[in-house]
K.L.:
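To start, I am sharing the structure in question, which I have written as structure tokens.
All of these numbers come straight from a predicted model, not from anything done at the bench.
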Amino acid sequence: MGAFHSPTSLGAALQFKRDWPQAEWIAGGTDLGVELSRGRGRDRAFIALDRIVELQELVISASAVRIGAGVSLSRIERELHGLFPALDGMLPWFAARQVRNRATLGGNLGSASPIGDLLPILLALDATVHLRGPDGARDLPIDAFFLDYRKTARRADELVEAVTLPRRAARIEAAYKVAKRQTDDISIVAAAFAVEFDELQRVAQVRLAYGGVAAIPRRARVVEDFLLGRRLDSDTVAQAEALLQSGFAPLDDHRASAEYRRALCGTLFARFVAERCA
């Protein structure tokens, strides 16, 4: 059996990591539980983060919300209800209640799965990721966090301390998840959109973010640039749909075809415009 450490402070967690550099961080342990149930991972070393008080902080201010990496998804669902419509729309479809009671925002970030349901939302809302390691703290814009398949800018000796989401009163936002089952299923495609308009109802800022269509959660930057300064009329939306359908190269797998995933990239954006921006 591998070693298991359960520190109660950030300092102790980082010291364990220095002493056991091969030990892996775990938060809610929901992914690990699946591996252990299949007989894998029993010889690995772990540093559990679920008893660290600093990682449980959730601070709401007028301009932003800072969510500790150890805050469970159930707490986010309950305590941030009404603040971020994209989160309100996605969290009820994130796994099952017993999973949300254990799963954490930091764990979702740390696993960096390209089909992680919350990660497109963090991209759409311009999140900042706060990291802490033996050399101190550093902040990364979410855009700079994902590098490649399950590879991030977090160094091996760092942990995710918190995530900050800016609050923008003018922002219109929503998130969508398409899966084979309505609840407790892995996404075929997850998407999150955020847009702000100027006084002439032209797009002043826009974020279109997707999961399940690339090796990492990714923004559709070409389409974002196309939309800036335009009104979201039927011609603009149709052109954006076409660009979105050609802008990704998803894989075929047992959940869905690449063609279906590409189609969803466009139709989900059209749905967002019809439901939220009309």
Side-chain angles (χ1 to χ4, degrees), residues 84-87 89-90 93 112-129 140-149 152 165-166 168 170-179 187-253 255-278:
F84 300 101
L87 279 176
M90 181 63 75
W93 309 110
S113 170
I115 53 173
D117 291 338
L118 295 187
L119 305 186
I121 296 175
L122 299 184
L123 284 169
L125 301 187
D126 290 328
T128 297
V129 181
L140 281 179
I142 190 67
D143 268 355
F145 187 73
F146 304 109
L147 302 180
D148 204 344
Y149 179 71
T152 72
L165 298 176
R168 300 175 67 92
R171 183 174 60 206
I172 300 169
E173 63 183 74
Y176 301 91
K177 174 176 178 173
V178 179
S187 295
I188 293 171
V189 171
F193 309 117
V195 64
E196 295 181 32
F197 296 98
D198 65 16
E199 65 279 1
L200 298 177
Q201 287 303 297
R202 298 172 303 197
V203 174
Q205 185 183 64
V206 61
R207 298 287 185 266
L208 313 178
Y210 293 88
V213 294
I216 60 175
R218 178 164 287 168
R219 280 170 50 191
R221 292 180 178 275
V222 170
V223 187
E224 291 174 357
D225 291 342
F226 166 76
L227 291 173
L228 283 175
R230 296 174 180 263
R231 292 186 177 89
L232 292 183
D233 56 29
S234 59
D235 287 342
T236 297
V237 173
Q239 291 180 68
E241 275 193 83
L243 288 171
L244 286 165
Q245 290 175 15
S246 63
F248 296 100
L251 299 176
D252 287 300
D253 62 21
R255 292 189 189 92
S257 68
E259 181 180 3
Y260 180 55
R261 286 187 165 100
R262 284 193 295 268
L264 285 174
C265 289
T267 57
L268 288 175
F269 174 67
R271 176 181 171 184
F272 166 69
V273 174
E275 291 180 345
R276 302 301 177 96
C277 305

K.L.:
Under the rule for side-chain hydrogen bond (donor to acceptor under 3.5 Å, both in side chains), what residues qualify as partners of D225, not counting sequence neighbours?
P.N.:
none
K.L.:
Measure across P166 and D126 and return the closest heavy-atom pair with its distance rounded to 0.1 Å.
P.N.:
CD-O, 3.5 Å
K.L.:
Quick check: closest heavy atoms across A209 and F193, and the distance to 0.1 Å?
P.N.:
N-CD2, 4.5 Å
K.L.:
Less than 4.5 Å apart, any side-chain heavy atom of L232 and any of L227?
P.N.:
yes
K.L.:
Taking all heavy atoms of D143 and all of L123, pick out the closest pair and write down the distance.
P.N.:
OD1-CD2, 3.4 Å
K.L.:
Has E259 got more than 12 heavy atoms of other residues, nucleotides or ligands less than 6.0 Å from its CD?
P.N.:
no
K.L.:
Using side-chain heavy atoms (C-beta onward) and a distance below 4.5 Å, is L200 in contact with D198?
P.N.:
yes
K.L.:
Would you say L118 and L87 make side-chain contact, with heavy atoms under 4.5 Å?
P.N.:
yes
K.L.:
I'd like to know if the side chain of E173 and the backbone of A86 have a donor-acceptor N/O pair within less than 3.5 Å.
P.N.:
yes
K.L.:
Please examine the side chains of V203 and T236, heavy atoms only from C-beta on, and report whether any two atoms are closer than 4.5 Å.
P.N.:
no
K.L.:
Just by distance, do the side chain of K177 and the backbone of W93 share a donor-acceptor pair under 3.5 Å?
P.N.:
yes
K.L.:
With no hydrogens and no angle check, is any side-chain donor or acceptor of R261 less than 3.5 Å from a backbone partner on I188?
P.N.:
yes
K.L.:
A174: which residues meet the side-chain contact (heavy atoms from CB on, under 4.5 Å) condition with it, sequence neighbours left out?
P.N.:
Y176, F272, R276
K.L.:
Enumerate the salt bridge (charged side-chain N to carboxylate O under 4.0 Å, His left out) contacts for residues 228-247, please, sequence neighbours excluded, ordered by first and then second residue.
P.N.:
none
K.L.:
State, to 0.1 Å, how close I115 and S187 come at their nearest heavy-atom pair, and which atoms those are.
P.N.:
CG2-O, 4.2 Å
K.L.:
How close do C277 and I172 get, counting heavy atoms only, and between which atoms?
P.N.:
SG-CG2, 4.3 Å
K.L.:
So R171 and Q205, do their side chains get closer than 4.5 Å, heavy atoms only?
P.N.:
no
K.L.:
If we only count heavy atoms from C-beta on, is the V178 to Y260 side-chain gap below 4.5 Å?
P.N.:
yes
K.L.:
Ignoring hydrogens, what is the shortest heavy-atom contact between A194 and A124? Give both atom names and the distance.
P.N.:
CB-O, 3.6 Å
K.L.:
Quick one: does F145's side chain get under 4.5 Å of L122's, heavy atoms only?
P.N.:
no
K.L.:
Hey, are the side chains of L243 and F269 touching, using non-hydrogen atoms and a 4.5 Å cut-off?
P.N.:
no
